[in-house]
Each structure stands twice: as C-alpha cells, then as structure tokens.
> 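Provided herewith is a single structure, encoded as structure tokens, for subsequent inquiry.
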Number of protein chains: 2
Amino acid sequence: MAVTLADVAARAGVSSATVSRVLNGNYPVAGSTRERVQRAVAELDYVVNGQARALAAATSDLVGVLVNDVADPFFGLIASALQAEVGVGAAEPGGKLTVVCNTGGSPEAELTYLTLLERQRAAGVVLTGGAVDSSAHSEAVVARLARLSASGTRIVLCGRPPLTLPGDSGPLTTLAFDNHGGARRLTEHLLSLGHRRIGYVTGPAERSTTGHRLAGHRAALEAHGMGPGTEAGADADQLIVHGGYDRDAGFDATLELLRRDVGVTAIVAANDTVALGVCAALRDRGLSIPGDVSVAGFDDLPFSADASPALTTVRIPLQEAGARAGRLVMGRITPPPGGVATITTELMVRGSTAPPAAARA
Amino acid sequence: MAVTLADVAARAGVSSATVSRVLNGNYPVAGSTRERVQRAVAELDYVVNGQARALAAATSDLVGVLVNDVADPFFGLIASALQAEVGVGAAEPGGKLTVVCNTGGSPEAELTYLTLLERQRAAGVVLTGGAVDSSAHSEAVVARLARLSASGTRIVLCGRPPLTLPGDSGPLTTLAFDNHGGARRLTEHLLSLGHRRIGYVTGPAERSTTGHRLAGHRAALEAHGMGPGTEAGADADQLIVHGGYDRDAGFDATLELLRRDVGVTAIVAANDTVALGVCAALRDRGLSIPGDVSVAGFDDLPFSADASPALTTVRIPLQEAGARAGRLVMGRITPPPGGVATITTELMVRGSTAPPAAARA
DNA sequence: ATGCGGAAAGAAAGCGCTTGCTGTACGCCT
DNA sequence: AGGCGTACAGCAAGCGCTTTCTTTCCGCAT
C-alpha cells in the first residue's frame, strides 16, 4: 500500500540499508549514491514509517504533557509554548509531536495517561498543575514515573512540588512557581493600601498550589501582626472560603463571604479565573470594584489586563515556563543543580485594588 | 530492558501468541489459561509496546489536531473537548492520544505537521480554523490530505470550508460554523437598536472565516438598504478596518477607526479577543461602553460573559463542535449526508450593546 | 475400536525499519 | 607488483508485536 524503504531502494538501485543511511545521515554515503537515493525519495514521495523506525531504533517522536484542561488558559499557555519549543521546524530531525492529556485533575486519569504514554514509549513527559496530595495515588504515580524514568523517558515537573524517585539519581527536574512569595507580596500590597479585612477564596483543597498560595497570604498577615493567635486574627477563618479553580467557585464563594457579613474590603482569589467569578458576584450584589471591594487574582492570564477594572494579580510567566519545560524535556538544556528551578512571580498592581473606603474618607 | 510479551509468555508457561490473544480478547482462550496469563501480566506489570503493536497490526493510537494556537481559548476549547472525546477512560481499548499541533496559521507549518502525522500513521486528523485562501498552499495540503485519506486516516474539517479530494469518494467530513448567519444577525441587532454607523474590525485577510463574517455583516447592511450602491453605504469602506485575530489588532484598529472620525456608534469585532482590544482602546480614549460606543464580538469565549460590561457576541458551541469532531474522527458517528454539518450560531445580546446616544436623546 | 470435528495453543512469518558485521573495490605505500 | 587501509554498500539479524496456518488433543458419534 504505502511506499516503503524497499520501494525507494529498488528505484534507486541500492539496498534499503543505504537508503536508511541517506535518510538518517549518520553514515558515510558516496555523493552520487546519496543523490540517486534522494531523487527516488522525492519521486516516490516517500514518508518514513515512524512506528517501524521507533521499534527498530528504540526511539520515539512523542512528548506527553499532562494538564488539567487545555481549555484553561493557564494550561493552554504552558502547553502552547511547550509545543512550540518541542515541535518541529520543517521536519527538522529531533522535533517531537506533543501529546496533550487532559486529566481534569483526576489522579486516576493521570495514571491512565502515564500508562498510555509508557505504552507509546514517549521520549518525555511533562506534568503540570499542582499535584494531588493523596498519598495513595501519588505513590502509584511515583511508581509509574520511576519506571518511565528508568526506561529513558525524560520527566519534567512544571508548577508541581519537587519529587524524588525511590532508588534513583536525585530529584526529578522541576520548574517550581513561586506561589508562596507571589501570594505574600499580593496580600502585603493590600495591607499597605490599608485593608484589614481581606477575604480569601482558595483553590481546590487537594491541590498543592492551593496550600502554597494560602500559606503566602497567611505569612503576610502574620508579618503584620494579624496571625491566628492575635486579636486581629481571631476570626481569620471566617475570611477564608474554600473554592476551586473555576469561575463559578469564585462566584459562589463571594456570595458566601458576603453572607457571612464579616466586613471584607478586599478579596483575594485563588486565580484570575476565580477572580472573574468574584467580580461577577460583587457586581451582582451591586458592589463596585474597587470602590466597595478590591479584588485581586493570580496568574495574570491574558484577559486580566484588559478587564474593567484591570485586575491586580500575580504574574506567572507561563509561556516562559512552558518553553523552558520543553527545552528540558528535550534535553536541550541541562537541569538546574539540585533539579529544581524556581520561576519567579511578579506582582501586577492594576485598577481592581485601591484603598478601602474607610481609609479614603 | 523492558518487559516483553515473551517474558509474560514464559512466566505463564504459554506461547507469546496466546498472551497476545488474551490481551486483545479477539480469539478464544481457555478460562484457566487466560487467568494464568492475566496473573503473569499483573505480576510483571507488563505494558504493551504500542509501536510494535502498531507496526504489526497496522493501527495507530494517535489522532492529530491542527490548531492555530492552543493557548487561544477558541482553539483550546475545541481541542479540549476533542481530546476528552477521543481519549481514554481507564485504558479502554480504542482510546487514542491527541497530538496537538500549533500551526500559527502558517500553511508551511500545517504541511509539516501533516507529514509528521502521516509518518506516525495517525488514525485521524482534525483540521481546525479558517483555511488559508492561497491556492498554491492549499493544493499541497489537499494532496497530503488525499494521501492520508487513501491510507485510511480519517480526516475531519472543523470550522473550515468544505473540501473535496480529487478522485475520491465525495467531500471530506466537515463541521462548518455558521459564521455568515451569526454575523448577519449580530449586525441586524445593532441596526435594530438604531445604529447606522457601524465600524467593523476584520480578522486576518487570508483566513476564510474573515470573509464569511464580513459577508454576513454586509448582507445585513444591504438588507437594510445600506449596501455599497446606496447613499447610506457610500463610504462603507471607511467603516471597515482590516485587523487580525488578536487583542492588539483590535486595539490598533479601533484607534484607526477613531482617527478616521467617521462617527461610529458601534464597533463589531472579528472575535471576542479582538473585542477585548477594541474595548481597551475605547476606554483609553475616554469613551464609555455602550454609552458612547457599542461593542460586539464573536465566539462567546468564556470570559466574555463576565466582562464589564458583558459582551454582546455570537456564540459558537465550540465544545460541542470539538466533541463532535472527536466522535467523527473516531468513526463513532457517521458523517452527515453530503459530508457537511453546519454548527449553528446564536446571538447573545448582553450589556455591551445599546441604542446609540442620538436615539436615546 | 476407529474416525472425525472442533476447540485451544503453538510455530512462524512477517510489519518496515536500523545497524553490526561482512564484503568489495579502489588507491596508495613500500 | 604485491599488500594493505579505507571508503562504500549490502546482508541479515533483529526490534516486539499480530495473525495465519498447523498441530495437538479431546469428546463424541459411528
């Protein structure tokens, strides 16, 4: 059916071994022969069978990237930059295809996709998104990663807590986002504006990112004498609503916060998408931003800068992270010493935060 | 190195053929033998080599999806729904891995990725986004698609103009978005509000979608006696600015429109992302939305409903389209008669459009 | 008893490629 | 002129599976 190496060889009057060598260019072939072969390849419009090649050469043209959901801009940006880095320019050898796997945050799906990628003998796997803090599942994931790693698959963690494989050579290559520092600076910004009653809508409880951001927020409060032991921090729990990483979670959580009537003058959202819901809920209740309540997000997704008012948030250079993860998984750059590189975050102060009404009066 | 079929066979005391049959369940195997094999598989934690299987069985576990850029929510939503449909639940047989290819709208990149997918003998390919109207390139693309199709790769066009392969069995399976109708209804909405000077920011000139939307817009104008031949339509060209599908294009185009000083009371953007830029530019110039100028978009991306004011736009059910494309490319549903299914669009009237100031006065 | 059909398992031939090893022919040295 | 090194090119053995064809073995009817 399809044109094979043998067809090309026959046409060029050489053996298939020679054709293979011309194609891969890793063995001396006389100029005239090479030309003849190349002409035959062109005439027959030959395209190598990647599966046969992979089988014979024990290589793979696939790189997997595990994300919660590509439709979420957070992951979309990472995946896009990764694919651009890993992908090919003009069929350049070494360029890989990017397999996107939506895990929906489910550890089972994560495991399933890891198995599938192992089955395809993927050249590399990038895991993104906060890890799930469930020891049962993370054990299984670690076991799978250990096998993958042992069989030569390069593994990169992006925005996940570092991980060390059992009986292996040091920790996995990791790109860690400075969630703690970013959240801390964000809350400090609100405190410096004069806010004292700051609501906080968390992400999903089981994700590691959620904890890190919340911890940063609390660290800022404590540094200002508003820790849990202090008088000012007495009802700190009342200011926190546990949500999720989607818009509706922000909406609902905000209504809950307002219902509690704890006098918030600012709300920090788990991320920008949540902040969208927070803003929607506030408007729904007739509250102005930042007039009545200031709002801040996290991630600095593309639409945040153009929101009205523009959203104060913490920028994570997601594209840079994706590109870097791509280079790491391709082995184009060497992992940082210790395996962990921290991606710094930057506070973006914009129109959605302002001094509380009381301070302005 | 890795565990192979032979290892499992040896452990179970059977031939590798039997193991293969147990794994694929397409051949009678005695219950006791089956059990023994399954135990061996579990004990050895065997994972089949997908490449070897693909080579022997002439199948593939890969489905490719060509998008402009996954980071763009428009494509992200399609890709996400597609991958969910095509992907696996618990390694269910038949589940495929989704290869995402960012073409950046470049026909060369498109061709390169098609070759790569052919090399991997992909089971299916979904092409999204408006096609590029350049005959030279589209010819090459058509040729590649014809080969892919001939070799059994299922091809689905999603949001692209229908295409018929030379000497083939009818047109390719196509999911066409009703861009024309949507744009027309959108402009009619503005006209019915009383707008007569409606600016229009187009998408990239070479994309087919751009033309379809613009045509719909013009059709609405003509139907209201504002066609190019009429007095009202005399300077129609002045109301149109050619842009692109990104936020900055909308920003720049709007400034240009204002510079022309043609008295627009409403601006229709090529899509929601562009509308974001349009709004930003208007605010930048101190104009209120919709007080001074109404703004409308296209696509109804997730953030549009929560924008402030909420964006009037035309909804394309992108997730539904992606899911349907997934089912088609998997052969789970049969193509519509004639090959072309039209995805209907729906006008979403929201806060960013209102009667012009003059009409309200 | 003999023979026969069918169910289950094995042997082995590929699938299309890569690559170590084996030839072969030429140019050069002594 | 003989021998040897070098530069190419071919042979053939896999890579790990699937699948066709055979074989084996049993139970049953004759």
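Computed from heavy atoms alone, side chains included, the values below leave out hydrogens, waters and symmetry copies. Bear in mind the structure is a predicted one, so any value in this text is a computation, not a measurement.
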> Phosphate oxygens OP1/OP2 of C:dC17: is one of them under 4.0 Å from a side-chain N or O of A:Ser16?
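No, no such contact exists.
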
> Between A:Thr112 and A:Thr115, do the side chains contain a donor N or O and an acceptor N or O under 3.5 Å apart?
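There is no such pair (donor and acceptor under 3.5 Å, judged by atom type) between the side chains of A:Thr115 and A:Thr112.
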
> With a 4.0 Å cutoff (strictly under), does any side-chain N or O of A:Ser20 reach OP1 or OP2 of C:dC17?
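No.
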
> Kindly indicate whether the side chain of A:Arg121 and the base of D:dG16 share any N or O donor-acceptor pair separated by less than 3.5 Å?
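No pair found.
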
> Nearest to the side chain of A:Pro28, heavy atoms from C-beta on, is which of C:dG16, C:dT18, D:dC8?
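The answer is D:dC8, which lies nearest to the side chain.
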
> By nearest nucleotide on DNA chain C, pick out whichever of B:Gly13 and A:Asn26 is the more 5' one.
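Its nucleotide being nearer the 5' end, the pick is B:Gly13.
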
> When the distance from CG of A:Leu5 to P of D:dA12 is rounded to whole Å, what number comes out?
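Value for this atom pair: 17 Å.
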
> Please give, in whole Å, the distance from C:dG16 P to A:Leu23 CG?
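So the two atoms are 16 Å apart, to the nearest Å.
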
> Look at the side chain of B:Leu55 and decide which nucleotide, out of D:dC17, C:dT18, D:dG16, has an atom nearest to it.
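Nearest nucleotide to the side chain: D:dG16.
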
> Of all heavy-atom pairs between B:Ala9 and B:Val19, which one has the smallest distance, and what is that distance?
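Nearest pair, atom of B:Ala9 first, then B:Val19: CA-CG2, 3.6 Å.
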
> Rounded off to whole Å, could you give me the CG-to-P distance for the A:Asn24 and C:dG16 pair?
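Those two atoms, CG and P, are 17 Å apart.
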
> Go through D:dC11, C:dG10, C:dT18 for me and flag the one nearest to the B:Ser15 side chain.
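Taking heavy atoms from C-beta onward, the closest nucleotide is C:dG10.
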
> What integer distance in Å separates A:Asn49:CG from C:dG16:C1'?
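Spelled out: CG on A:Asn49 to C1' on C:dG16 is 6 Å.
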
> Need one value for A:Ala57: base, sugar-phosphate or nothing, where a base atom within 4.0 Å counts as base even if backbone is also close, heavy atoms only.
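The residue A:Ala57 makes sugar-phosphate contact but no base contact.
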
> Considering the options B:Thr98, B:Thr128, B:Val156, which one meets the side chain to side chain contact (heavy atoms under 4.5 Å, CB included) requirement together with B:Leu82?
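That would be B:Thr98.
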
> Round to the nearest Å and state the distance from B:Arg119 atom CZ to C:dT18 atom C1'.
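Computing the B:Arg119:CZ to C:dT18:C1' distance gives 15 Å.
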
> Can you see which heavy atom on A:Ala79 is nearest to which on B:Val70, and at what distance?
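Smallest interatomic distance, heavy atoms only, reads C-CG2, 4.5 Å.
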
> Return the nearest nucleotide to the side chain of B:Val29; candidates are C:dA9, C:dC17, D:dC15.
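Per side-chain heavy atoms of B:Val29, the pick is C:dA9.
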
> What is the distance, to the nearest angstrom, from the CD atom on A:Gln51 to the P atom on C:dT18?
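Rounded to the whole Å, the gap is 13 Å.
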
> Using heavy atoms to find the nearest nucleotide of DNA chain D for B:Thr4 and A:Arg34 separately, return the residue whose nucleotide is more 5′.
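On the 5' side of the pair lies A:Arg34.
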
> Have a look at B:Asp7 and say if it touches a base, only the backbone sugar-phosphate, or nothing, with a 4.0 Å heavy-atom cut-off.
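Answer is nothing: B:Asp7 stays at 4.0 Å or more from every strand.
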
> Ignoring the backbone of B:Ala30, work out which of D:dT19, D:dC11, C:dA8 is nearest its side chain.
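Nearest to the side-chain atoms of B:Ala30, counting from C-beta on, is C:dA8.
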
> When you check the gap from the basic side-chain N to the acidic O, do A:Glu43 and A:Arg39 get nearer than 4.0 Å?
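Judged by the 4.0 Å cut-off on N to carboxylate O distance, A:Glu43 and A:Arg39 do not form a salt bridge.
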
> Classify the side chain of A:Tyr27 versus the base of D:dA7 as yes if they form a donor-acceptor pair under 3.5 Å and no if they do not.
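It does not, because no donor-acceptor pair links the side chain of A:Tyr27 to the base of D:dA7 below 3.5 Å.
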
> Could you check which of D:dC17, C:dA9, D:dA9 has an atom nearest any side-chain atom of B:Arg21?
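The nucleotide sitting nearest to the side chain is C:dA9.
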
> Nearest of C:dA9, C:dT18, C:dG16 to any side-chain atom of B:Thr18?
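Among the listed nucleotides, the one closest to the side chain of B:Thr18 is C:dA9.
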
> Starting at CD of B:Gln120 and ending at P of C:dC17, how long is that distance when rounded to a whole Å?
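Distance, rounded to whole Å: 12 Å.
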
> So does B:Asp45 pair up with A:Arg147, basic N to acidic O under 4.0 Å?
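A salt bridge links B:Asp45 with A:Arg147.
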
> Of the nucleotides D:dG10, D:dG16, C:dG10, which has the atom closest to the A:Val14 side chain?
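When the side chain of A:Val14 is considered, D:dG10 is the closest of D:dG10, D:dG16, C:dG10.
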
